[in-house]
Amino acid sequence: MLSLSFTPLVPWLVLAAFGGLAAILAVVAVMARGRTALLRAIALGLVVLALANPSLVREDRDPVKDVAAIVVDRSGSQSLGDRPAMTEAVKAELERRFGALTNIEPRFIEVGDAQGAEGDDGTKLFTALTQALADVPPERIAGVVMLTDGVVHDIPASLGALGLKAPLHVLVTGRPNERDRQIKMLEAPRFGIVGKDVTLRGEVMERGGTGTATVTVRRDGEEIDRQSISTGVPFSLTTHIEHGGPNVVEIEVEPLPGELTTVNNRAVLPIEGIREKLRVLLVSGEPHQGERTWRNLLKSDASVDLVHFTILRPPEKQDGTPISELSLIAFPTRELFVQKIKDFDLIIFDRYANQSVLPQAYFDNIVRYVREGGALLIAAGPEFAGPASLARTRLASILPGDPSAKVVEQPFKANLTETGHRHPVTRALPGSEANPPAWGDWLRIVSAQTRPGVQPILSGANGLPLLALSREDKGRVALMLSDQAWLWARGYQQGGPYLDLLRRLAHWLMKEPALEEEALRAQTTGRGREVRIERQTMAEEAGPVTITGPTGKERSLDLSKAETGLFTATFEAEQLGLHTIRSGSLVAFVSVGPANPRELADVFSDTERLKGVAEGSGGTIRRVAALGGGIDVPRLQITRGGRLGGADWIGFRPSDSATVRGVEVYPLGIGLWALAALAAAVLAMWLVEGRRGRAA
């Protein structure tokens with residue numbers, strides 16, 4: 001390729017000044033001497049041209065292919081309906097057709113959901129485009145094709161604002177007659193008081209629907225309500241907070257026939273149940289060393305409202321002291337065990353003997369209270385082995401063990417049983433990893449035999465059960481067969497983990513979700529889309545869990561043993577949204593990313609959002625769905641001017657870029673031939689002007 005270039009021997013400003021002066025002199029000479037002065041002008045021009053140092057440049061070039069960027073949208077909304085199949089078919093056809101264009105290099109750019117500070121930044125195709133083309137000069141970009149559903153969240157004012165001068169052609173997946181129904185929560189409290197109702201407000205939105213829909217409400221997997229509502233109109237629901245911890249409320253609207261997706265038909269709301277106050281009734285049968293241990297433990301917990309009575313003067317104690325001189329408060333048995341018994345979350349009998357303070361009918365009330373969901377703890381001492389034992393009352397039907405009328409008085413170390421190593425109340429108690437445990441001794445235990453089906457979690461002297469737990473219908477009962485826990489609190493022989501043990505025990509009785517024997521939990525770890533699963537079980541092994549993603553896709557995941565009774569696993573969520581984890585009858589929910597992902601807020605394919613930027617760049621926008629149900633991919637065409645797209649084709653603008661392999665330069669203003677040209681001009685000027693002088 002030949003071209004003319006100039007490399008002045010003097011600065012351009014000097015050359016311009018000299019050229020201007022030469023032009024003025026030439027004009028004056030022509031005006032004064034006529035046409036014969038043209039030779040002088042030519043001579044001056046040759047001098048100026050020599051100073052400009054012209055050269056012929058011969059370049060050896062290799063043509064370079066232009067780049068066509070094909071941005072393939074793989075975001076969440078692109079996984080709906082038949083869009084994935086449509087996307088794959090169009091991409092394959094584009095690959096085939098670009099293969100026939102020898103002077104264009106296709107660059108395919110796959111773009112998923114963008115991850116911003118909140119975990120969900122929607123679809124950012126233009127951001128991915130500029131990053132992928134950062135190494136390509138703008139003039140080499142022949143065009144951009146976007147294969148998307150049109151749901152894009154980073155649309156610029158124009159393609160030129162991104163520094164791109166190429167045409168943008170948009171191929172839109174999806175169909176114009178799509179229909180969908182989704183539920184949108186308007187008011188969803190994150191917390192609720194246990195035993196109280198909370199109100200939820202939402203709205204069912206639809207396109208191509210019927211105007212009415214059936215909404216189903218479930219709490220912890222159980223259906224609690226079903227009602228028909230009008231779509232497009234806010235509705236309210238009331239649900240009861242049954243227990244502390246997460247109360248998982250699901251609100252699901254029935255799908256439309258042929259609906260685009262059912263992923264957004266369900267809203268899952270984990271409402272944290274908070275107890276206003278945990279009311280505990282502690283009844284001590286007599287003053288003793290361990291009484292203050294229970295009192296201090298419960299009073300130190302800000303969430304516990306403690307009512308404590310100590311029996312100082314049983315009815316059979318008659319010493320003649322006048323009533324007016326007694327400072328004792330009367331034990332309000334009827335108020336506590338008849339009128340207000342259901343107000344308590346836990347009743348503790350600490351070394352209590354049946355001393356005719358409570359009639360048998362009151363024990364019936366306690367049994368009924370437990371079976372209806374209450375909790376009972378018996379902290380037994382020697383009295384439990386005697387004739388006044390609570391095991392000789394009507395409480396016997398719900399107690400986990402039966403005393404054998406013997407009290408063992410000898411030092412012993414509490415030990416975790418095989419069941420205790422797995423139970424969340426005693427699992428991994430500090431010091432339990434040693435053998436024997438690194439705890440101080442206890443000095444007394446009541447001999448008892450547990451009921452069939454009840455396995456103690458702590459054992460004491462001679463392998464006797466020390467702590468046994470049982471469930472009675474909806475309630476729970478614990479039996480501690482020693483009154484020596486206070487030795488740990490006092491630091492006897494370096495003490496033991498009495499706070500961990502007694503606090504866990506009390507909270508298990510009050511149904512703390514974290515202390516359930518069979519539990520399944522899932523939560524995000526904070527590292528991208530990573531989710532951690534925990535499976536608490538009393539079994540030897542935990543089977544695999546089933547994970548159901550937002551789109552209904554299922555997969556199985558094996559758990560590994562973290563410690564006795566606890567199995568864990570982590571996985572990387574493929575999509576944003578709600579994931580359901582199942583292990584047998586247990587169900588856990590975890591939401592990856594925001595509760596309402598941008599990709600599911602508007603799921604309909606759209607040709608209007610990108611229309612302005614596409615047509616502003618000279619490109620086109622069209623749907624690829626054909627009327628017959630197939631796809632319609634436009635032809636690819638190279639065009640150097642005019643239109644860049646038609647009814648069945650899209651155009652790309654070539655740049656004719658090339659790589660220079662070698663350069664040869666031939667100077668024109670220096671050398672013998674340039675000197676000869678200047679001499680010839682001067683000689684011609686002398687001859688012509690000399691002849692004119694002689695003629696004159």
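Along the sequence shown, residues are numbered consecutively beginning with 1. Please read all numbers here as calculations on a predicted model, not as lab measurements.
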Rounded to the nearest 0.5 Å, how far does [atom2] of [Y] lie from [atom1] of [X]?
X    : Y    : atom1 : atom2 : result
H169 : L610 : NE2   : CG    : 13.5 Å
E608 : I621 : CD    : CD1   : 7.5 Å
R623 : L171 : CZ    : CG    : 12.0 Å
K511 : E242 : NZ    : CD    : 9.0 Å
I224 : E222 : CD1   : CD    : 9.5 Å
S655 : K65  : OG    : NZ    : 13.5 Å

Looking at [X], I want to see if its [atom1] is surrounded by more than 12 non-hydrogen atoms of other residues, nucleotides or ligands under 6.0 Å.
X    : atom1 : answer
R140 : CZ    : yes
E541 : CD    : no
R635 : CZ    : yes

For residues [X] and [Y], determine if any side-chain heavy atom of one lies less than 4.5 Å from a side-chain heavy atom of the other.
X    : Y    : answer
K553 : E574 : yes
V587 : L520 : no
V198 : T238 : no
V531 : R529 : no
I183 : E203 : no
I251 : R266 : no
T580 : I547 : no
E110 : K91  : yes

Using the side-chain hydrogen bond (donor to acceptor under 3.5 Å, both in side chains) rule, take D180 and N264 through it: C-alpha gap first, then chi angles, then the decisive distance, then the call.
-> CA-CA 9 Å; D180 185 68; N264 52 8; 3.1 Å; yes

How close do [X] and [Y] get, heavy atom to heavy atom, and via which atoms?
X    : Y    : result
M86  : G174 : SD-N, 3.5 Å
S77  : R83  : O-NH1, 2.9 Å
M185 : A267 : CG-CB, 3.8 Å
V253 : A213 : CG2-CB, 3.6 Å

Q78 side chain vs D73 backbone, donor-acceptor pair below 3.5 Å = yes

Okay, side chain of T127, backbone of K124: is any donor-acceptor separation there less than 3.5 Å?
-> no

Parallel under 30°, tilted from 30 to 60°, perpendicular over 60°: which one fits the rings of F108 and F98?
-> perpendicular

Cation-pi check, R207 onto F604 ring (under 6.0 Å, within 45° of axis) | yes

